[in-house]
Amino acid sequence: MSKIKQLEKLAKEHDYCLLMAKRIADIANDGSDAALAEGLAIVKEYNDTELEAHLQHEEQTIFGPLVADHREHLELCITLGKEHGLIRTLVEEMTLETAKEDLSNFARILESHTLLEENKLFPLLDSLFTTEQLDTILNFVPWNAQTA
């Protein structure tokens, strides 16, 4: 959990990401057709209701400003951005025929990505971001919530 008040929501979402990664890995390990079908449905629902908004939140309020103001962290932002793209691709391309591998990959990547953000990205924000930038993170509203 982040010590920065403005990052508490994202940190809680990261905690849930880690729980979700464990749950999906367990489903993949079970390997039964019923479990795999349920796993696919869980991942798609999670993506539609929470994960995509979370990814956008980070991209719009963290990656952009970090790259604009602190180019020395460009490589980290590129890595994290590529991982966001990979997560999106995995979700879109999951099929029942490849569900065991798809779910296993999704769980592994979601966990490693979340830990990278927690251990490398969030600590940077404490020292590099202004109060205004941190408040932008706190007050972010995803596109789909703005039109609802």
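Annotation: the span from L110 atom CG to R108 atom CZ amounts to 11.5 Å, rounded to 0.5 Å. Atom OG1 of T98 is separated from atom CG of L103 by 8.5 Å, given to the nearest 0.5 angstrom. With rounding to the nearest 0.5 Å, the separation of CD in Q60 from CG in L55 is 11.0 Å. Summarising the geometry, atom CG belonging to L10 is positioned 10.5 Å from atom CD1 belonging to I4; distances are rounded to the nearest 0.5 Å. The CG atom of L115 lies 13.0 Å from the CG atom of L121; values are rounded to the nearest 0.5 Å. Put simply, CE on M20 and CG on D15 are 13.0 Å apart, with the number rounded to the nearest 0.5 Å.
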- Stepwise side chain to side chain contact (heavy atoms under 4.5 Å, CB included) test for L128 and H73: CA-CA 11 Å; L128 298 178; H73 300 293; 3.5 Å; yes
- Passes side chain to side chain contact (heavy atoms under 4.5 Å, CB included), I62 versus H57? Steps please. CA-CA 8 Å; I62 297 173; H57 189 166; 6.0 Å; no
- Begin with the C-alpha distance, continue with both residues' side-chain angles, and end with the deciding distance and a verdict on side chain to side chain contact (heavy atoms under 4.5 Å, CB included) for T114 and E13. CA-CA 10 Å; T114 302; E13 290 172 4; over 6 Å; no
- Determine, step by step, whether N47 and F106 satisfy the side chain to side chain contact (heavy atoms under 4.5 Å, CB included) criterion, reporting the C-alpha distance in whole Å, the side-chain angles of both residues, the deciding distance to 0.1 Å, and the verdict. CA-CA 11 Å; N47 184 66; F106 176 83; over 6 Å; no
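For D33, the CG atom is loosely surrounded, since the number of other residues' heavy atoms within 6.0 Å does not exceed 12. With a 6.0 Å radius and a threshold of 12 heavy atoms from other residues, nucleotides or ligands, E50 has its CD atom above the threshold.
Summarising the geometry of L36 relative to I27, their closest heavy-atom pair is CD2-O, 4.0 Å, with the distance given to 0.1 Å. Taking all atoms of both residues into account, the shortest heavy-atom contact from A107 to A25 is CB-N, 3.6 Å. Residue F129 comes nearest to P65 through the heavy atom pair CZ-CB, 3.9 Å, listed as atom of the first residue, atom of the second, then distance. Taking each heavy atom of K44 and V91 in turn, the nearest pair found is NZ-O, 2.8 Å. Contact between D102 and E93 at its shortest, heavy atoms only, is OD2-O, 4.0 Å.
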Result block: side-chain N/O donor-acceptor pairs under 3.5 angstrom for residues 74-86, not counting sequence neighbours:
unit_1	atom_1	unit_2	atom_2	d
T79	OG1	E75	O	3.0
E83	OE1	H113	ND1	2.5
H84	ND1	E59	OE2	2.8
H84	NE2	E58	OE1	2.9
H84	NE2	H113	NE2	3.1
H84	NE2	E117	OE2	3.3

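Y16 and F140 fall into different hydrophobic clusters, where Ile, Leu, Val, Met, Phe, Trp and Tyr side chains are chained together by heavy-atom contacts under 4.5 Å. By the rule that hydrophobic residues join a cluster once side-chain heavy atoms approach within less than 4.5 Å of another member, L7 and L66 end up as members of one cluster. Residues L134 and F122 share a hydrophobic cluster, clusters being chains of Ile/Leu/Val/Met/Phe/Trp/Tyr side chains in contact below 4.5 Å. No continuous path of ILVMFWY side-chain contacts below 4.5 Å connects L18 to L116, so the two sit in separate hydrophobic clusters.
Under the side-chain hydrogen bond (donor to acceptor under 3.5 Å, both in side chains) criterion, the residue pairs touching residues 21-30 are K22-D26, D30-S32, with sequence neighbours excluded.
The shortest distance between side-chain heavy atoms of I137 and L125 falls below 4.5 Å. The shortest side-chain heavy-atom distance between Q6 and T136 does not fall under the 4.5 Å cut-off.
Annotation: ring pair (Phe, Tyr, Trp, His ring centres under 6.0 Å) contacts of H54 (sequence neighbours excluded): H14.
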